[in-house]
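Below: the structure, in structure tokens.
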Amino acid sequence: MSVTEITRPARGSNSATAQVALETAATTRLLESEGILDYSGHVSTRIPGRDAFVIQIGSTSRAEVSPDSMLVVDYDGKVLEGDGQPPSELPIHLEILRARPDVQSVLHSHMELAIAFTMMEGVKLLPMRARASRWKSGIPTDPDPSHIKLPEQGRALARTLGPHHAVLMRAHGLCLVAESVRALFVDAVHFKENATALMQALQAGAKPIPLSEAEIAQIEKMEMRDWHIKKLWNYYVRKALDEDALPQAWKDDLVPTKEMLKRDSVL
Ligand SMILES: [Zn+2]
């Protein structure tokens, strides 16, 4: 498949690469709009049925990424399709995707609030807000503050991440992992909200009260993750279309139908 052929996703046979490229491009623009990505950072997503994933060309502006600027890369880091070079920190994605078969999509961001929690003695980023129950197993910090350009650095980062859904990177940034690129976007929004809530508590001079195990258990009883992801994806995609942060031509392939947004029940 040529780059031209992946610019417009065709519903039907062999459309997996095109749809993944479109959703990953859209997610990158949404994350940039929300201040989670800026001039750097990137998203990778596995292509179902192929031994490869998509990631953007490193030099393309995060505000202008399109399926055209997506590369198809194999798990040895070889570019199979697309015209450009992947980001220099490709080993982050390669090694996390290799180590975690359960993960479909990886975000690397230099989110300022996340970095702040790697630079304060005696302060840990903990689940404060309800949606942060996602990170109940812990948010470890990788000690390497440099750019992750070598396979051994990527492997060390993947080891620090372990079975968790988030890892901070000392004085550098964070990585999030999720079961889909849409879920990854929603997690990133909530990760930032949670870090903001904790920072506000600290700035107020108060002792933060993170969620207890019992509270997290109660939150999870009421959780409808799949529906919640659809709801937030629908909100942010529509908002970005209205504000021309996403091209109108992408609308039909991104906006969930009314049928898709129907809940079967409230639990
Ligand atoms: Zn980085």
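Order of appearance sets the numbers: ligands from 1, and atoms from 1 within every ligand. Count residues from 1 along the sequence.
Salt bridge status for R134 with E223: absent, with no side-chain N to carboxylate O gap under 4.0 Å. In this structure, R225 pairs ionically with D187, as a charged nitrogen and a carboxylate oxygen lie closer than 4.0 Å.
For N194 (side chain) and L126 (main-chain N/O), a donor-acceptor pair under 3.5 Å exists by modelled atom type.
Around the Zn ion (ligand 1), the two atoms NE2 of H172 and NE2 of H108 are separated by an angle of 100°, to 10 degrees.
Not one N, O or S atom of H147 sits under 2.8 Å from the Zn ion (ligand 1).
At a threshold of 4.5 Å between non-hydrogen side-chain atoms, the residues V106 and R100 do not count as touching.
No other N/O/S atom of H110 lies as close to the Zn ion (ligand 1) as NE2 does. For E89, the N, O or S atom with the smallest separation from the Zn ion (ligand 1) is OE1.
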